[in-house]
Enquirer: 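Below are the structure tokens for one structure; questions will follow.
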Amino acid sequence: MLADVPVGHPDFGKAIPCHCKQEERLWRRVHEFQGMSNLASLARYTFAEFVPDPPWLARPSQETLHRAYDASLAFARQPEGWLVLTGSYGCGKTHLAAAIANDRLDRNQAAIFVVVPDLLDHLRATFGPNSEVQYDDTFEQVRTTRLLILDDLGSQSATPWAQEKLFQLLNYRYNAQLPTVVTTNQRLEDVDQRLRSRLLDINLVQRLHIVAPDYRTGANANQSDLSTLSLHTEQQFHTFETQRRNLTAEELSNLRQVKQTVQNYADAPQGWLVLMGPHGTGKTHLAAAVANHQREQGHFEAMFVVVPDFLDFLRAAFNPQTPVPYDRRFDEIRKTPMLIFDDLGVESATPWAREKLFQLLNYRYSANLPTVMTTSATPNEMEAWLRSRIFDANRCQVCALDVRSYRGGADQQGRARRN
């Protein structure tokens, strides 16, 4: 059809597609991208199939998941601004992003869902001599589409060309304020600075971080491969022996008092709790009981970390082939809602190890994050910086187990025979 414009107008006498043809062309291109992004295989990812509050997940994690679900559902109903979903692998980001796309398509509204590396591969392919589509047309379609959903930002190869294309794409949509959904398992601090400044714009962007373990591994998944809490499931308060035959009345009183103090802490964890005493007195059992109690109550998803193992994990993170970079690995434990730090003082006391432990514990001390530590070291054997924090009565409770070792004694042997 011809546009009704006066003589001299740039479109005078030029044939332009009618509205229905424009819609048809739009849908054809959208379906091309659906094939590229394999959205058909994600058809099962709907809001109806998403479980926003799984009963096995700790309440704080449930809350982050439910907020992400509510925000994604609202965005699907009325796409405005940007929605950025962050979180670890398998926490539900892609499900929610695909649910938004499927919801829009069910309403006959255009939406392009594409995994970032696939998008870049598709753009590269348009440069080939046998490509049926031109690069400019493809890039323009993605850049100007009504709703764009980019899954797994940060998983692409960080070449200068890839960074440039992503900046052009997101910068255009940012300036035009076009509805956009982005998912990433990267920390935003690790994203290219030009993109990060746009992703952090509170006037346009709604950011939601999901704190949940990998759905794909099931309900019993650990919060992190750093945590060995699954090895301590039997170490509960009710399985802790306080009637030991080889102990004096004074030692039995000490044991009962320490157990009660630890149980009180487990009911309302705040600040630090330090369990001191010789090997085999029950420190690890009580520390694990705190974490297991919190999990049963649906509160904190505690990380249980043996100190030497933690340092080995950090050393391994320097390997360029590691899937988790050092800084992310370190932050994972430094900022976890609850940390059980077992066997402090048995690690190799190199300057590097002392520095890492100081950075970790000083952060948690300053932030007053719930932390349980066990140690067989005496106060005089501790670093001065650690000793001063442990004996800060405003932020730390210290429990000394002044009892003999339980391991190998008559009580343990009797329990083993009963079991």
Side-chain angles (χ1 to χ4, degrees), residues 22-54 57 62 64-123 138 141-156 166 169-170 173 176-185 199 204-210 212 214-218:
Q22 290 176 334
E23 288 292 318
E24 181 183 338
R25 183 180 300 175
L26 171 64
W27 273 102
R28 186 166 60 250
R29 290 182 176 177
V30 168
H31 284 296
E32 288 174 2
F33 277 100
Q34 288 174 7
M36 178 190 69
S37 62
N38 201 25
L39 190 56
S41 67
L42 302 178
R44 67 187 187 281
Y45 287 166
T46 64
F47 289 112
E49 293 298 318
F50 191 83
V51 181
D53 44 9
L57 199 59
Q62 284 183 349
T64 67
L65 201 60
H66 216 298
R67 282 197 296 269
Y69 171 83
D70 290 341
S72 299
L73 183 60
F75 190 93
R77 300 292 188 262
Q78 189 172 358
E80 291 181 351
W82 287 17
L83 177 65
V84 176
L85 302 175
T86 64
S88 60
Y89 299 101
C91 67
K93 305 184 303 297
T94 295
H95 189 141
L96 290 173
I100 292 173
N102 288 323
D103 187 87
R104 298 301 294 173
L105 294 174
D106 287 344
R107 297 167 182 271
N108 292 321
Q109 299 293 323
I112 291 179
F113 175 100
V114 63
V115 180
V116 172
D118 294 344
L119 169 63
L120 295 171
D121 283 348
H122 195 72
L123 291 177
T138 303
Q141 173 60 29
V142 179
R143 188 167 65 168
T144 60
T145 189
R146 294 173 184 173
L147 173 59
L148 176 64
I149 301 169
L150 292 175
D151 191 38
D152 259 350
L153 177 68
S155 60
Q156 73 281 353
L166 287 173
L169 170 63
L170 290 173
R173 298 188 66 83
Q177 299 196 351
L178 293 173
T180 306
V181 178
V182 176
T183 78
T184 180
N185 55 55
L199 294 172
L204 178 69
V205 181
Q206 182 181 12
R207 290 183 293 113
L208 292 162
H209 182 68
I210 301 174
D214 192 338
Y215 269 72
R216 304 180 187 103
T217 59

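Residues: numbered from 1 along the sequence shown.
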Enquirer: Considering residues at least two apart in sequence or located in another chain, which fulfil the salt bridge (charged side-chain N to carboxylate O under 4.0 Å, His left out) criterion with R143?
Expert: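 Partners of R143 by the salt bridge (charged side-chain N to carboxylate O under 4.0 Å, His left out) criterion, ordered by chain and then number, come out as E140.
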Enquirer: Dump the intermediate steps for side chain to side chain donor-acceptor pair (under 3.5 Å) on T94 and D151, then the final yes or no.
Expert: CA-CA 7 Å; T94 295; D151 191 38; 3.0 Å; yes
Enquirer: To the nearest 0.5 angstrom, please state how far the CZ atom of R207 sits from the OG1 atom of T86.
Expert: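 Result: 8.0 Å between the selected atoms.
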Enquirer: Could you check whether any side-chain N or O of Q177 sits under 3.5 Å from a backbone N or O of G81, counting only pairs where one atom can act as donor and the other as acceptor?
Expert: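 Judged by distance alone, no pair lies under 3.5 Å.
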Enquirer: Would you indicate whether the side-chain heavy atoms of L147 and R104 approach each other to under 4.5 Å?
Expert: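 Sidechains of L147 and R104: in contact.
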Enquirer: Answer yes or no: is there a donor N or O on one side and an acceptor on the other, between the side chain of K93 and the main chain of S88, under 3.5 Å?
Expert: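 Confirmed, K93 side chain pairs with S88 backbone.
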Enquirer: At what distance, to the nearest 0.5 angstrom, does OG1 of T144 lie from CZ of R173?
Expert: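 Rounded to the nearest 0.5 Å, the OG1-CZ separation comes out at 7.5 Å.
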Enquirer: Indicate the atoms forming the closest heavy-atom contact of P79 with P179, along with that distance.
Expert: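 Of all heavy-atom pairs spanning P79 and P179, the closest is O-CG, 3.5 Å.
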Enquirer: Of all the heavy-atom pairs spanning F50 and G92, show the shortest one and how long it is.
Expert: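 Of all heavy-atom pairs spanning F50 and G92, the closest is CE1-O, 3.9 Å.
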Enquirer: To the nearest 0.5 Å, what is the distance between CG on L150 and CG on D118?
Expert: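 Output value for this atom pair is 11.5 Å.
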Enquirer: Compare every heavy atom of T46 with every heavy atom of H95, then report the nearest pair and how far apart it is.
Expert: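 Heavy atoms only, the tightest pair is NE2-O, 2.9 Å.
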Enquirer: Strictly distance-based, threshold 3.5 Å: is any side-chain N or O of R146 a donor or acceptor partner for the main-chain N or O of A111?
Expert: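 The answer is no, because no donor-acceptor pair under 3.5 Å joins these two groups.
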Enquirer: Say you draw a straight line from CG of D53 to CG of L65; how long is it, rounded to the nearest 0.5 Å?
Expert: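 The distance works out to 8.0 Å.
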Enquirer: Can you give me the closest heavy-atom contact between L153 and T184, atom names plus distance?
Expert: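 Minimum heavy-atom contact is O-OG1, 2.6 Å.
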Enquirer: Dump the intermediate steps for side chain to side chain contact (heavy atoms under 4.5 Å, CB included) on N185 and D152, then the final yes or no.
Expert: CA-CA 7 Å; N185 55 55; D152 259 350; 3.8 Å; yes
Enquirer: List the steps and the verdict of side chain to side chain contact (heavy atoms under 4.5 Å, CB included) for L199 and W82.
Expert: CA-CA 8 Å; L199 294 172; W82 287 17; 3.8 Å; yes
Enquirer: Report the C-alpha separation of H122 and V114 in whole Å, then their side-chain angles, then the decisive distance to 0.1 Å, and conclude whether the side chain to side chain contact (heavy atoms under 4.5 Å, CB included) test is met.
Expert: CA-CA 10 Å; H122 195 72; V114 63; over 6 Å; no
Enquirer: Any side-chain to backbone donor/acceptor pair from T180 onto L148? Under 3.5 Å, distance only.
Expert: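 No; zero donor-acceptor contacts below 3.5 Å.
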Enquirer: Could you measure the distance from the CG atom of L96 to the CZ atom of F47? Nearest 0.5 Å is fine.
Expert: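 Reported value, rounded in 0.5 Å steps: 6.5 Å.
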Enquirer: Enumerate the salt bridge (charged side-chain N to carboxylate O under 4.0 Å, His left out) contacts for residues 77-91, please, sequence neighbours excluded, ordered by first and then second residue.
Expert: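 Applying salt bridge (charged side-chain N to carboxylate O under 4.0 Å, His left out) to every pair that reaches into residues 77-91, excluding sequence neighbours, yields R77-D103.
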Enquirer: Could you give the distance from CG (L85) to CD (Q206), rounded to the nearest 0.5 Å?
Expert: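 Interatomic distance, L85 CG to Q206 CD, rounded to 0.5 Å: 8.5 Å.
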Enquirer: For side chain to side chain contact (heavy atoms under 4.5 Å, CB included), just list the numbers for T183 and I149, CA-CA rounded to whole Å, side-chain angles, deciding distance to a tenth of an Å, and then say yes or no.
Expert: CA-CA 8 Å; T183 78; I149 301 169; 5.6 Å; no
Enquirer: Sequence neighbours excluded and cut-off under 3.5 Å, please list the side-chain donor-acceptor pairs for residues 67-74, or say none.
Expert:
| from | atom 1 | to | atom 2 | distance (Å) |
| --- | --- | --- | --- | --- |
| D70 | OD2 | H66 | ND1 | 3.3 |
| S72 | OG | A68 | O | 2.8 |

